[in-house]
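These numbers come from the heavy atoms of this one structure, side chains and all, not from hydrogens, waters or symmetry mates. Please read all numbers here as calculations on a predicted model, not as lab measurements. Throughout, protein chains are lettered first and strands after them, A, B, ... in sequence-line order, and every chain is numbered starting at 1.
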Amino acid sequence: MRIDLQDVTVRFGPVTAVDNVSLGIKPGEIHALLGENGAGKSTLMNALFGLVMPASGTISLDGKARRWASPQDAIAHGLGMVHQHFMLQEEMTVLENIVLCAEPVGRFGFVDFTRARSRLDEIAKTHGVAIDLDRRVGRLSVGERQAVEILKVLYREAEVLILDEPTAVLTPQEKDRLFATLKSFREAGKAIVLITHKLDEVMEIADRVSVMRAGRLVASSPLAETSKDEIARGIVGGDLPAARTRKAHSPGGTVLAVDNLTVARRGRDVGPVSFDLRAGEIVGIAGVSGNGQAELIRALTGLVPVRSGSIILCGNEIQNLDVEARRQGGMSYIPEDRQRMGLALRASVSENANAGRDDAGAFTAGPFLKHGAMAQYARSLIERYRIRVAGPRASASTMSGGNKQKLVVGRELSRNTPLVIAENPTWGVDIGAIDFIHGELMRMRDAGHAILLVSTELDEVIALSDRILVMYDGAIAGEVDGGEASRDRVGALMTSRAADALGAASPGAAA
Amino acid sequence: ADKFFVYVSPDQIGVNAFLKLGQAGIEQAGEKYGADVETYESRTAADRLENVNAAVNEGADIVVLLGFEFNDIVKQVAPTAPDTQFLIVDQCIDDRPDNVHCAVFREYEASYLVGVAAGMLTESNKVGVVGALDIPFLHRYTDAYADGVKSVNADASVDIRWVGGENPFADPVRAKEQAVAMQAAGADQIFTATSGGDFGVFEAAKEKDFQVYSVDVNQCPNAPGHVVDVTLKRVDNAMVQAIGAILEGEKKLTMALGLKEGGVSTIALEEDELADSGCLIADHPEVVAKMREVAGQIEDGSLKLEDPMFAK
Amino acid sequence: MFELIADPSFAASIPRFVTPILLAALGGALCERAGVFNIALEGFLLVGAFAAVLGAYFSGTPYIGALTAMVAGMALGVVFAEFNVRRGGDSIVVSIAINLLAAGLTTFFLRAIFDVTGAFSDPAIAGFAPIRLPFIEDVPLLGPILSGQALPFYLALLSVPFLHVFLARHRLGLRIRAAGENPQALRAGGVSPKRVQLLALIACGALCGLGGAQLSIANVNLFVENMSAGRGWIAVVAVLLTRGRPWPLFFIALLFGAVDSLSFRVQGLGLAQQFTDMMPYLATLIVLVALSWWRARRAKGDAS
Amino acid sequence: MMAFDAGKATRSALPWLFTFLWIAAIILALLLFVGAPVGEALSGFWNGAFGGRRNAYLMATLSRSALIVGMALSVMLSFRAGLFNIGGEGQLVAGGLVAALVAVLLPGPPLLVLVVAILAAMLAGALWALLAGVLQLFMGVPLLVGSLLLNYPIRYIASYLVAHPYRDVQSGMVQSHLVPQETWFAYFPGTRLDIGILFTAVAAAFALIYSYWTVHGYHTRLNGLSPEFARTVGLPVRRLTLQTLALSGAIAGMVGAIAVFGIHHRYIDGMLVQPLYAWTGIIAVLLVGMVPWAVPISGFFFAAVQTGAAGMERAAGVPKEIALVVQAVIILFVASRVSGALTASRGDGDGHV
Ligand SMILES: Nc1ncnc2c1ncn2[C@@H]1O[C@H](COP(=O)(O)OP(=O)(O)OP(=O)(O)O)[C@@H](O)[C@H]1O
Ligand SMILES: Nc1ncnc2c1ncn2[C@@H]1O[C@H](COP(=O)(O)OP(=O)(O)OP(=O)(O)O)[C@@H](O)[C@H]1O
Ligand SMILES: [Mg+2]
Ligand SMILES: [Mg+2]
């Protein structure tokens with residue numbers, strides 16, 4: 001099925017999110033859609049899918065103009081979308097999630113789960129996507145959730161697939177599986193739109209590339225007729241900054257010492273984990289998500305209690321202190337979930353920027369707040385970290401994802417603590433912002449701070465870390481030096497369990 | 001009309017026969033003395049104060065207040081409104097100004113009498129009484145009834161229970177359950193003073209076939225064949241009389257109305273009503289005779305009853 | 001104390017206490033699962049109780065009475081949905097307003113239709129007759145509970161497993177759960193969460209209506225102003241406590257009904273009425289604390 | 001505070017007009033249905049809420065709003081901190097009970113007794129609220145359920161205490177003895193409005209300053225908007241929770257004391273529960289989407305609706321049932337309007353930085 005978007009414009013109040021965009025999507029083709037944060041990619045696809053109403057413009061399928069009243073119409077016409085933020089019911093099982101809204105019903109409207117299971121068996125056979133249908137989605141890893149989303153689309157027999165940043169959270173292995181699946185779709189003649197911030201992936205799989213900037217379509221051409229550099233220039237609207245040179249690794253004194261730490265977890269405890277982190281180094285923790293990294297970090301930051309073992313920060317035992325005391329003892333934390341943990345979305349930028357500050361005296365007078373000083377501080381963060389937002393009084397929810405991330409990073413790094421824990425600091429952020437955040441982390445390292453970098457993104461870990469710890473099944477499976485050279489070893493250490501996520505089709509697993 | 005009377009109820013009037021009688025009383029008085037009348041219903045303690053203030057504010061000549069709930073309020077408001085006359089029915093206050101009058105009833109006298117009837121009629125030697133809520137005022141019914149029972153039947157046991165709950169004065173379901181429970185425990189004569197709950201007790205009487213007593217107005221037709229007798233409280237008469245006296249310029253009027261004054265009664269004592277009342281007591285002349293005898297003793301003072309409201 | 005509990009009239013009274021609470025709570029559970037915080041169960045019950053009397057009085061049969069009650073409850077559900085789901089009013093505010101509306105409308109129509117205030121009792125009100133179950137009624141202990149009750153009680157009993165299966169396996173049940181958990185995702189799937197919530201509210205209205213019918217034409221045969229008398233609030237607590245799961249709800253409602261029924265029987269032992277009135281709430285708190293203590297222990301055991 | 005810009009104001013005026021018309025149409029239909037004189041009913045409403053000889057009814061409205069606004073402020077402090085404390089009623093009762101008992105039982109100079117009694121009432125309210133907090137934090141009972149359930153025991157305890165050990169037997173009612181006359185709140189000269197409303201005004205000033213300009217208010221608000229965020233940036237969430245609940249309960253307790261010393265001069269069983277002060281306070285807060293400056297206005301509005309409905313009943317014989325329906329209709333329409341409007345405006349920073 002061929003899709004044509006003609007002069008589509010979408011507005012949110014005064015904001016024109018998509019500005020007069022025309023785009024064609026052909027069957028049997030993977031169409032990559034790129035652009036910086038807030039360029040309008042998601043909005044354009046939401047319009048195509050019936051989730052937002054375009055102010056003007058037409059959408060036509062095989063030359064016939066269509067109007068959607070709701071996503072149901074779009075789905076009925078063979079469109080399927082995997083959203084940037086997963087659209088899943090955590091409390092339900094995989095099977096229930098898949099059939100929801102497209103339930104095969106038997107008598108009296110009761111759902112015929114047996115029929116659904118056999119359909120899914122077939123899908124598993126033809127496309128190689130399978131997952132245990134009876135597990136609760138709330139217990140799945142991110143990669144597994146991705147698989148559920150894809151199964152949902154397949155189950156609805158979509159001819160056109162829209163994937164909004166599907167790889168942002170996948171491990172290389174999971175990504176490879178996904179791409180294999182996408183290729184099989186292409187073979188089957190489906191049209192695929194892939195939104196991503198990762199140029200390597202585009203070069204690897206796309207047939208056609210379109211770039212958006214500030215709501216407009218700035219370029220669209222077959223992959224063969226363009227180059228990585230050209231695409232990157234299109235995205236940022238100018239030249240990319242030169243690659244950074246990396247100073248030699250010269251670690252100072254120990255900042256963080258973790259000794260035989262264990263943390264409670266459903267099923268099996270995490271740990272024991274032991275490692276040191278020294279001033280002036282970045283230590284990366286790599287691993288497929290769900291191997292205990294999250295628990296480890298939460299125990300380090302004080303969000304969950306430790307079961308046993310010790311944590312020594314700058315010479316003080318901190319394993320029994322609360323979050324506040326640990327932060328005052330020299331720890332900053334960039335949480336991976338900026339929407340919930342990193343920011344209070346309904347509070348203003350200024351309120352977010354000033355939360356958890358140590359220098360209370362600077363913005364308070366006795367029990368009272370100095371709103372002027374708070375706004376001043378927020379403005380300084382906005383300037384230093386080039387955050388695009390209306391001002392300190394704007395609600396944090398009005399920022400795009402990348403800008404939200406910059407605010408969190410800015411707030412935490414400005415505290416200038418000896419230890420920085422950064423968890424997936426560039427998740428879903430555009431290449432300009434990634435470069436910026438990486439630069440900031442390197443600058444902190446060079447200034448003698450210790451940085452613990454946890455990332456599911458192998459490229460990021462390899463590019464930034466001086467040393468890499470690989471976690472597997474709740475323990476550290478091995479330590480590797482940073483740098484491209486060790487990519488294979490890291491990959492090997494973290495793979496063994498990845499098979500669960502996007503596994504090769506086995507009918508038994510789907511049943 | 002050139003006069004204006006206001007009746008302020010202490011609670012929602014609803015099915016409360018006593019409060020409805022107040023309404024009837026004020027209307028009769030209005031007719032008799034040529035006055036406009038209005039009823040202000042209160043639902044809460046705060047409403048009572050606001051309503052009394054409103055009555056003064058609207059220029060009432062006489063404000064009739066039913067119930068001891070108004071004592072504090074009258075003490076506060078009456079001195080500031082010398083042109084308004086206040087009549088409190090059911091309770092009196094000490095040291096009152098000239099414009100405050102009262103009419104009180106001795107309900108316990110009538111309750112004692114139905115107790116006598118129950119004591120005589122019980123076959124199981126177990127009787128019961130359900131009150132809406134464990135408040136002093138309702139002990140005038142429950143305790144006096146119990147005393148009446150004991151006076152003629154020292155062996156009988158009296159089970160006293162309360163409806164309680166969220167809505168004690170209008171919960172027929174809980175009232176019914178209490179009655180059913182007492183019946184199951186053996187009681188065959190049950191006295192109900194539960195306002196809206198009375199209907200529930202009647203339902204229970206119909207289902208489980210026991211005999212009941214009730215209060216305020218003739219309720220016998222509500223459960224034919226099950227209601228033995230009812231205590232009567234002539235609030236309307238009292239109100240008309242008292243208002244007449246006030247209009248004649250009486251100051252600090254005090255009326256106390258018991259059996260003797262005709263303020264309270266029971267169907268058994270009413271010669272002209274008894275036969276057509278539908279009450280079972282009409283079939284028991286010996287009980288009626290005993291009740292009239294005791295009533296006579298109370299009236300002439302040879303039998304002294306204590307007011308159970310102040311007993312505790 | 002033992003005599004109290006062994007008393008067959010005590011056992012037989014439990015269903016009468018349980019049924020309105022259980023039905024209202026099941027209705028509330030549907031709303032809860034659909035993401036509608038409905039604490040207007042009190043108002044729903046009251047309207048049901050009134051409409052049941054209305055229907056039973058004019059038709060002369062309790063079945064029409066119960067049907068009228070359910071339809072009235074459903075209508076109230078639509079009103080709730082209009083202001084909460086469609087217009088986006090805060091659910092607590094809407095609930096409180098609905099409770100007021102129910103109190104106002106029932107007393108108003110009581111006056112307008114039957115020309116009485118406070119209560120309406122008439123032999124023409126056809127109540128449910130007790131249904132005797134042969135054999136079962138002879139079973140000791142359970143017999144007096146299960147046999148000789150009115151129709152709404154049996155419907156309430158059947159509703160529990162039905163709702164359990166409905167939520168687990170029915171298309172609408174699935175969607176109701178989705179609307180409660182992640183409405184955004186339901187919308188992305190092309191189903192309007194608001195419509196699902198409307199349906200849940202309508203079903204809630206029907207269940208509560210039946211509960212009201214139990215109050216007014218099964219427990220007694222009359223309507224009294226405000227006769228729901230706090231039972232809707234107990235149902236709300238039950239829903240909150242069980243997060244809307246039918247089976248736990250059943251047991252909690254059973255517990256509340258039994259404690260309530262027991263509590264004022266204990267008055268016979270000479271305990272002050274204020275303390276017996278307190279019992280159901282204290283029992284709830286104790287159950288809550290015990291439950292969460294037990295959960296915490298289990299979680300700990302799980303982790304080690 | 002919220003900046004009022006003209007363009008925004010006109011844009012939001014139109015839906016308000018429609019809301020108003022809807023309410024007017026329904027009220028009119030109801031009045032016509034019962035054949036009540038519409039003009040008299042409306043003027044009765046207005047007069048009942050704001051009129052009367054020497055503004056007597058306005059004073060009644062103010063007296064009622066002293067309690068409703070007080071309860072609304074108490075609720076607002078909890079709700080803004082994300083704490084669904086609907087146990088205001090219990091805290092109110094605890095305060096009223098303790099205020100009355102202390103004043104009755106404690107000998108001493110009246111002013112001292114008064115001060116001690118009010119402080120004791122605040123302490124009692126705070127402790128009762130803390131109990132709900134402790135149940136949540138340490139025993140896993142959700143605050144919403146715990147605080148609601150705790151309303152009942154205190155209500156019955158209070159009822160028991162004034163029915164048995166501390167009952168004023170002579171009065172024939174379930175009530176405590178009168179508090180010493182010297183401790184009664186004075187009336188404003190020439191009115192029947194007691195000075196209790198000044199306490200509410202102070203509480204309102206405190207609550208506004210607290211919400212907008214204090215560090216504690218800022219921290220609790222962050223906790224309210226996102227507890228996970230608050231934990232992550234190291235705010236002492238438990239301590240904040242308990243402190244906020246105590247504060248909220250103390251204000252409710254103070255309202256109980258106002259009712260005792262200003263209006264009833266004793267504790268009467270049910271006097272704080274039946275008028276639904278606590279529930280009205282909750283609606284008042286939710287109606288304006290917890291925006292602090294709007295809370296006192298909203299509380300006053302509800303007091304006026306209630307006294308106005310009584311006025312309508314007096315003036316036009318409109319049955320009280322209609323008054324209930326009218327109140328419900330107003331709440332329904334206004335709630336769906338206001339909460340929407342104010343929550344949307346929260347998008348641009350809640351009117352303060
Ligand atoms: N519901 C909304 N209300 C207001 N503005 C919106 C809304 N949705 C999107 N926008 C605005 O539209 C613009 C485009 O957003 P969109 O999410 O499409 O960007 P994107 O290209 O997907 O960015 P990203 O790479 O971060 O996913 C942004 O400026 C955003 O602020
Ligand atoms: N109420 C709002 N007003 C203005 N913009 C909004 C509003 N709500 C959302 N947006 C914008 O809508 C856009 C889409 O949001 P979405 O939830 O897709 O994630 P995102 O912030 O773009 O995330 P990411 O950067 O990770 O892709 C965002 O750019 C956000 O700024
Ligand atoms: Mg996007
Ligand atoms: Mg985005």
Main-chain N/O of D/Ile268 paired to D/Gln175 side chain as donor or acceptor, under 3.5 Å: no

Heavy-atom proximity to chain D below 4.5 Å, by part of C/Leu105: both

Salt-bridge contact C/Glu42-C/Arg231 (side-chain N to carboxylate O under 4.0 Å): no

Per-residue contact mode, C/Ala272 against chain D (heavy atom under 4.5 angstrom): side chain

Chain C contact via D/Leu30 - which portion, at a heavy-atom distance below 4.5 Å: neither

Contacting region of C/Phe37 [heavy-atom separation from chain D under 4.5 Å]: side chain

Side-chain donor/acceptor of D/Ser147 to backbone N/O of D/Ile86, under 3.5 Å: yes

Heavy-atom proximity to chain C below 4.5 Å, by part of D/Leu135: side chain

Toward chain D, the part of C/Leu285 with a non-hydrogen atom under 4.5 Å: both

Which portion of D/Ile330 sits near chain C, non-hydrogen atoms under 4.5 angstrom: neither

Atom group of D/Leu332 that falls short of 4.5 Å from chain C, counting heavy atoms: both

D/Phe84 portion near chain C, given a 4.5 angstrom heavy-atom threshold: side chain

Backbone of D/Ala294 reached by a side-chain donor or acceptor of D/Ser298 within 3.5 Å: no

D/Ser74 side chain to D/Gly249 backbone, donor-acceptor under 3.5 Å: no

Electrostatic pair C/Arg243-C/Glu32, nearest N-O below 4.0 angstrom: no

C/Phe44 and C/Phe80 aromatic ring geometry - parallel, tilted or perpendicular at 30°/60° bounds: tilted

